[in-house]
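Worth knowing before you read on, the calculation uses all heavy atoms, side chains too, and leaves out hydrogens, waters and symmetry mates. Naming convention: chains lettered A, B, ... in sequence-line order (proteins, then strands); numbering from 1 in each chain.
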Amino acid sequence: MKKKNELLYFALRNTKLRIGMAVLLFFLLLMIIGPHLTPYKPADFVGPSSAPPSKEFWFGTTTFGEDVFTQFVYGLAPTFLVGIVGGVIGTLLGMLIGFVAGYRGGAVDEVLNILTNVVLTIPVLALLLVLVAYIPVRGVLIEAVFIGLTSWPWAARAIRSQTFSLRTRDFVGLAKMSGMSSMKIIFTEIAPNMASYLFMTFILMFGNSILNAATLDFLGLGPTEGVSMGTMMNLAVQWSALMLGVWWWFIPPGIAITCIVGSLYVMNVGLDEVFNPKLREM
Amino acid sequence: APAAVEYPRNETLYTSGTQWGAPSSWNPLNGGGYATGTIGLVYETLFIYDPLADKFTPYLAESANWTDATTYEVKIRQGVKWTNGQPLTADDVKFTFDIANPNGDTKAGLGYSALWKFLDNIEIKDANTVVFKFKENPAYQEIGFYFYFAPILNKAIWSKMKLEDITGGANKNPVGTGPYKFQAADQDRMVWVRNDAWWGKDVFGKLPAPKYIVDIVNGSNNVALGKMLQGGLDLSNNFLPGVASLVNGGYGIKTYYKEAPYMLSANVASLLINEQKKPMDDVKFRTALAWMININDIVEKDYTGIVKAADPTGLLPIWDKYIDKDQVKELGWSYDPEKAKKILADAGYKDVDGDKFLEAPDGSKIALKVTCPSGWTDWMAAIQIISRDAKAIGLNIEPDYPDYGPWRDAQLKGTFDLTLQNEAQMSSTVWSYYSWIFQNPLDKIATAQYGNYGRYDNKEAFALVDQLDKVKLGDDAAIKEITTKLQKITMTEMPTIPLWYNGLWAQYNESVWTNWPSADGENHALPAMWRGYVNMSGIQMLLNLEPAAKK
Amino acid sequence: MLKIEDITKTYKTGTFGGKDLKAVKNVSFDIHDGEIVSLIGESGSGKSTIGKMILRLISTTSGKIYFNDKDVSLLKDSELKEYYRHVQGVFQDPFSTYNPIFKADRIFSVLHEEFFPHIPASEWKGRVDTALKSVGMNPAHVLNKFPHQLSGGQLQRFLIARALLLDTKFLVADEIISMLDASTRIDVLNLLSDLRSKGLSVLFITHDLSLGYYISERAVILYKGSVVEIGETKKIFDNPVHPYTRMLMSCVPRLDKKWQDVEVELTEKKPMTANGCVFYERCHSEYKLDECAHQSPALVEVEPNHSVACVCCKG
Amino acid sequence: MKRYFGRKLLIYALTFFIAVTINWMIPRFMPGNPVDIMISRAGLRGSAVTQMYSYYMDAFGLDQPIWKQYLNFWIAIFHGDLGTSIFLFPTPVIQVIKDALPYDVALLLPSILLSWFAGNKFGALAARNKNLDNTLLPIGYILTAVPYMWLGILLAWVFCIVIRIFPLGGGYDFSMQPSYTWDFYWSLFNHWVLPFLSLFIVQFGGWAIGMRNLIIYELEADYSHFLEALGAPRKLIRNYAYNNAILPQVTGVALQIGVIVTGALATEVVFAYPGIGYLILQAIHNQDYFLLQGCFLFVVIGVLIANFVVDIAYILIDPRTRAGMTGGAE
Amino acid sequence: MSLKIENLTIYYQTIAGNVRALEDASFSLADGEIMGVAGESGCGKSTLSNSLIYLHAPMKYIRGRVFLDGEELPIHDTQKMNPFRYKKISVIPQYAMNAMNPTKKIGRMVEDLLKSRGENYKEILPEVKNRLELVKLSPDVLNMYPFELSGGMKQRMVMVISTLLDPSLLLADEVTSALDVSSQKAVAEMLVGFRDKKIVKSIMLITHDISILYQTANTIMVMYAGQLAEKASTETIIKAPRHPYTKLLISSLPTVGVRISENRLAGIPGNPPLLLNPPTGCRFRDRCPVAFAKCAEVPPFVEIEKGHFLACWKEGKAHA
Ligand SMILES: Nc1ncnc2c1ncn2[C@@H]1O[C@H](COP(=O)(O)OP(=O)(O)OP(=O)(O)O)[C@@H](O)[C@H]1O
Ligand SMILES: Nc1ncnc2c1ncn2[C@@H]1O[C@H](COP(=O)(O)OP(=O)(O)OP(=O)(O)O)[C@@H](O)[C@H]1O
Ligand SMILES: [Mg+2]
Ligand SMILES: [Mg+2]
């Protein structure tokens, strides 16, 4: 009990965590209430072409006269979705492979290790570009799944080595002597011990998924429907928004991605400080 | 180390917008892939065709005439030299056409091989005269098309080549008769240097003003526009969205017209309809589609006014003279959703199951996709508008953006519902447009079909297109008569729905070169380096250019 | 009850698994009902390895371990679970034996779940309380606490209580008191001894001879994975024969006698002679012979219930 | 040592094998026939279509049984033949890549190495200076979180359009021909700067943060405390911490290479810089399967080589692995 | 009088409050003296030793003064302490196994360390080799990395490093705990040797293993829960302890020759108090068999006999 309170105390006191959390919450909130703040739909041609920000169109309009603010708030959801789905899949895969490799050791470890190395050395996003280019219909979800499926190796590696050191701990031996099955030991004894680590892994995956998705979207290989921060940037660039001075179309999505991903990274460091007493500032 | 070779700004014309990948072939027979300018700057054709004036100008040919209904005598221009010093001969011309003969010795499959459908043989009358002997009843329209299309080759060089080199070789050392010679090429550029010994110097009284032409490989619109703004690009044949605001914004950027649509019309973007699928096989349904599309939104919102709405006949402005205006008034359409609704209601389309979408008269659900390749942003916006308008009258039509490959595949295999296409380009003959719509025969459609992707079947129309093909060049009355019938078919049967005319995208910067083509100036050439356009008066544009410094 | 026959354990070591390390070499001994046997040796001599092999936490490379005449290595799922009902272990570091993020008494509820799911919770609680009391703890004081809120001695007693909850017949106690304070050590030791009187057998692993002597009937002295001396504890202590045992004896810090001025040869990372006596390099015995370098001596009984593996007592 | 290299080689070989196989599968299991596309691009009609269709099918070996195509593919690879580009027909893919490769090397190597050095130095600096840590580090976080291409576009806009101090597009000035002159090098440099910067800046942030965190860990390590207790000056302790923290950063490079390659891809697109990344996108948009295969293969090879170099480098600089492999003390 | 400590009080700052790990410790250490510090885990032994050389957060200096060779040590001032460290006072830390930079050759690290302290490595090198010989290490270890050494070797290497500058006081915290009986003996004897060879003047040897202290120390100081309990010559502490805690502690130690069947030893009932909110007065009160009302006050640590200090109301009074 005491320990948890202590973590909470440090978590609440940690500036990095607080700032990161605040930024993230802000965007989450915007994602939720944003669509209610705007009377338009993202693909509606509602205003004059390329109008600068004004009272009516807070972030201005696109070349087509779409409301940038509307696109922006609607685009947040896919962005978070990619982050979460990609992050969850990546983390789960990383956990599964990391745990099994680390816990089992021996030949299983060897094989999984090679698999990890293979996926790690294949330039994943290049592969992703190639694969994604051929999928007939592309949705945010498929994109997210793809990203998740290819982003696990580093996590698997890290989790494996953690598991490796944990599995020799005596409490694992005790669990074995209590007749627990391997899977049960992994998930009830080892995993909870790495909870903070896994959480941080997820956060990094979350951020990376968003960045990867933005790159795909930007290259025109993102979802073919709906708006996301990446597709907004893609369209803005295709329609020469910056060159034509329509900066309001191009800047907000970039800032949003930077802020969201940045806040995740900052939170990660903050969490590290919370979980690791040595790094705490007294 | 060699000294730095530089192209002085005031002697160099920078162009872009044609070459989409590193220049990799200088083979004029490689229709889709030769480096910008290979035909036109280096290789020349017997004629050039000026669509704005609707005029064939003898070019490598000095003159030509039909001595009888099946005999075409072409006089080769005197004093034309290949850049390797050899003179151009009748042999070269004969050779050029002979290799494309499917029954000849070489049997190269070339863009103008189809000429041999009508051609019997080629004879050399004298050193300067070539006689083309046609079979009975030749298709004059198509023949004219091939004559300004086929690049004349140097027999001495090409006759030594193997078939695969003729059709697919890179021809890295192009020897032509044109005003420019190969200078250098790299992944991102193609450099031509002027051929000061060009025959045109005497004929036109001048050489093209730019000593060098540097064609920049397209990066992205963004980069092209950036370079344009930096003044590093004289002619951009890119589709640059938003250029309207630049033309009026004091950036020194000019277009053919001073106001909307700014650009000449180059091709027609049509809604292709798969007539083999329900309910698109119902002409009423197709008609309703035509009435429901708010083309103005596409023109104004999507294209910010740089394109023009298409005439219901789909005929480009250069073919305006063939349009039967009264008939258009009677049979044509415009945006009227109420009318579209009524047509559908009358035809028995109603919402049976209460999902706010209409069902077909037989009660089956209608759920269609209208497609365009992912990443083609202007078209993506256009089909969004179409989908929106369709939903407004109760038709469930969703936009869909497959990648180019699957999209193209669906056309070739005829598996799409509705899609956009703009293959029908400006050409020397209106036949090219109708043959694209009514491509026949249906049963023999190859996978690499060109046209009629919706598999529209109409014997009468097919016959009319054949008849049109055989009209003599310049016989406008006959053309008008036949096309009036075809216009009627297209407007009542709706094999496709013409939507808007894509522009001959051309933006120029006058800081170094002036006297660009414009509606209000004297230069009425086509401002394009696009493939197939240099020999459609694009070369004229070059000849007309003047250095800005002179002023 | 437990019979160890000629077991060997080879580890793969080196950064990339290139080398073999024989941690245990052909060790045989047995433990009878209600007996405490000490396994004594320096760090790295393979004591824990033997303990873990008995507990099936690691596999044997060769040799057999029999529990009540059953080959332990052949046990599968339910049989293995049954085995763990009777054979349990307690380890050196009480803090690492507990999962730090759970309350310490989770070890009891896990047992409940795994072995006695049919017993109602209330009855189980009663059993836990009884077990805790029998190891001298007040359940009210120690339950519902995190490991770091309990002392090492308490945690070790928890583990012993855990063994009591099962039908434990045999306990591997691996250095269970070396991390404990002097004052708590003796309590845990006494507790072990009390359990013996309830019929429990214990393999008591330690590097401290005084502890082995204090508690066990028999002792096994291990050096570099090999048994060098084995027999009744009293006999070994009163009459240590093997030079290694003697050296160990001389090094034990005692409260009654100051260290003699005997040179200690330190265990450096010295290469071992391939076939010779394991102790050859460190041996200063007057009996040291040249042949010791080539030939490892077998265990020889020097008196009843006391065997030594040294040339000095050949015949 | 042998075993270690044996295993590494196995992994590399396997990766290569899998990558090449994926590579081969790409054009075969994707919708659309590349030959159809070639033909429709050439605008052929009538009998010319069938004629050229069979000609190209034969030329690309697509008319052979699938297993044979696979075999041929491998044989061709070992002959350095990656087929012919469709989009840049008739240029051999290998030639296309050869032309683009120097640009990638010029972009990637310096950006990786320089950002690594600068980032590490900066991170170390931040770890020892509270003010720096508090003010400049957030910037580091922001930099790592910036999407590469977005930064690229901003740079292009500011430096090419607004203040016009750098050219936009291409590998060197369009008014030049390659030559061994200073002017030419200067031009190369000018075109290189912005793409380089956009890669450099983002990576720089990542390394700086990584280093800062690692150093803080090292400063809490026992050996640091021991030195402190013996009154060693902070400078020495930090030097040690830095030298130890650099080790995981080396392995970090290997992990990062794939990511950076992708980043380079986006950057090249933004600046129309004629590298492989740009080619990949063009190949995708033009269904140039063979070019795509070739590019991907080269990226894989590049990444494998880079990883191998990092592996070796790591062995050389970390005494623990070095001794472990040569048999060291034991 | 080598070391003299007056009322040294050190707390740990935690969010839950101050952990009162060392309270009013006053004692002294003579030249040539090896003083063993014994006591249960958590009683403040390491705190005492660490505070003398490197007092850092979360440790907090509360009060007290420390004199070494007559000079006051500014222990609460990290900066001012630096000149004293290593040269006057040095430490073999509890974590000796990890005390050396894992990626530097040991010789290199020693060189760096010495240079940074303004010493000339070249001049000292022969002495380094001497010392290595003293602890039975070959000079080759200077060319090795720490991971190439066994635990015992590392321990001895750190011993050599720590004492290179002949400090006046050496703090040795649990230096034998992780070692085998044989290495334990060797290391302990080497420490004594260092003192005998006057390499160090006096040693504070911290361990919970009293039998080791019996073998090596001149005096033993017993601590309990952050307070000093008793300090006397080794013989006195082992044979005639006065503090009830010491008595119980000594009587619970098994030693060779004792068998459970013959002589069942007994432990000390109860647990030491938490130092976050320790009981007032004598902290052993709750577990003490002879505690009485007076024990609610903190007993002073007084000299009851020559060299025998004690903090107990009962025992102390009886002989005062
Ligand atoms: N998992 C392992 N992998 C490789 N070697 C190991 C492993 N576990 C133990 N060893 C080695 O086997 C030998 C015996 O180890 P073991 O733990 O059994 O010794 P021990 O007698 O219990 O020592 P200690 O008193 O230090 O616990 C040692 O040299 C050790 O380094
Ligand atoms: N960093 C810290 N933060 C809070 N409390 C601490 C910290 N370090 C030690 N303590 C507390 O201070 C008290 C004394 O600790 P110290 O390490 O001095 O004990 P010790 O006698 O050396 O014990 P051991 O024998 O286990 O090393 C203990 O109660 C401990 O819980
Ligand atoms: Mg052990
Ligand atoms: Mg301590």
Side-chain angles (χ1 to χ4, degrees), chain A residues 1-8 99 101-114 117 160-200 271 274-277, chain C residues 12 17 48 51-52 54-59 77-104 106-117 144-149 155 158-159 162-163 165-166 168 171-172 174-176:
Chain A
M1 246 26 262
K2 199 183 113 214
K3 204 171 163 191
K4 271 185 197 151
N5 282 336
E6 190 176 296
L7 282 184
L8 199 67
F99 280 142
Y103 187 75
R104 274 288 148 80
V108 176
D109 179 35
E110 203 97 340
V111 170
L112 289 179
N113 208 359
I114 289 180
N117 274 306
R160 172 185 168 275
S161 67
Q162 294 257 325
T163 310
F164 226 76
S165 69
L166 278 177
R167 80 164 177 160
T168 55
R169 294 272 279 276
D170 289 336
F171 65 79
V172 172
L174 195 74
K176 280 189 193 163
M177 290 190 300
S178 303
M180 281 163 87
S181 67
S182 300
M183 276 298 138
K184 197 164 173 190
I185 293 177
I186 288 178
F187 287 105
T188 62
E189 300 286 334
I190 293 180
N193 255 293
M194 295 163 52
S196 62
Y197 191 80
L198 295 175
F199 187 61
M200 297 198 306
L271 281 174
V274 170
F275 291 132
N276 189 337
Chain C
K12 292 242 174 282
S48 301
K52 285 187 176 148
I54 293 173
L55 291 170
R56 277 229 13 201
L57 296 178
I58 53 176
S59 60
D77 308 332
S78 62
E79 289 168 324
L80 183 63
K81 219 163 173 173
E82 185 62 25
Y83 179 64
Y84 283 139
R85 288 183 75 137
H86 306 304
V87 178
Q88 282 291 330
V90 180
F91 303 117
Q92 178 169 19
D93 180 357
F95 292 95
S96 111
T97 314
Y98 289 81
N99 201 334
I101 57 166
F102 295 122
K103 287 186 180 152
R106 187 177 120 96
I107 60 165
F108 300 128
S109 48
V110 166
L111 278 197
H112 186 198
E113 255 172 60
E114 293 289 335
F115 289 103
F116 308 101
N144 230 351
K145 293 216 160 112
F146 281 96
H148 66 266
Q149 291 168 300
L155 290 175
F158 253 59
L159 288 172
R162 173 179 168 280
L165 279 168
L166 291 165
T168 308
L171 193 68
V172 175
D174 188 352
E175 309 241 20
I176 56 171

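Taking CG of D93(C) as the reference point, atom CG of D170(A) lies at 6.5 Å (rounded to 0.5 Å). Rounded to the nearest 0.5 angstrom, T188(A) OG1 and R106(C) CZ are separated by 5.0 Å.
Across L80(C), L57(C), L55(C), a single residue satisfies side chain to side chain contact (heavy atoms under 4.5 Å, CB included) together with K176(A), and that is L57(C).
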message: Let's go through L159(C) and L174(A) carefully: what are the C-alpha distance in whole Å and the side-chain angles of both, what is the deciding distance for side-chain contact (heavy atoms from CB on, under 4.5 Å) to 0.1 Å, and is it a yes or a no?
response: CA-CA 9 Å; L159(C) 288 172; L174(A) 195 74; 3.8 Å; yes

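For the pair S178(A) and F115(C), the tightest heavy-atom approach, listed with the atom from each and the gap, is O-CE1, 3.3 Å. Scanning all heavy atoms of the two residues, the minimum distance from F171(A) to Y98(C) falls at CD2-O, 3.6 Å. When all heavy atoms of E114(C) and G179(A) are compared, the pair lying nearest together is OE1-O, 3.1 Å. Residues M177(A) and Q88(C) approach most closely at O-NE2, 2.9 Å, considering heavy atoms.
Contacts between F95(C) and chain A at a heavy-atom distance below 4.5 Å are absent for every atom of the residue. Residue contact with chain A, scored on non-hydrogen atoms closer than 4.5 Å, involves the side chain of R162(C) exclusively. In this structure, chain A has no heavy atom under 4.5 Å from any part of R85(C). Neither the backbone nor the side chain of L166(C) has a heavy atom closer than 4.5 Å to any heavy atom of chain A.
Crowding of R104(A) atom CZ: a count of heavy atoms from other residues, nucleotides or ligands under 6.0 Å not exceeding 12.
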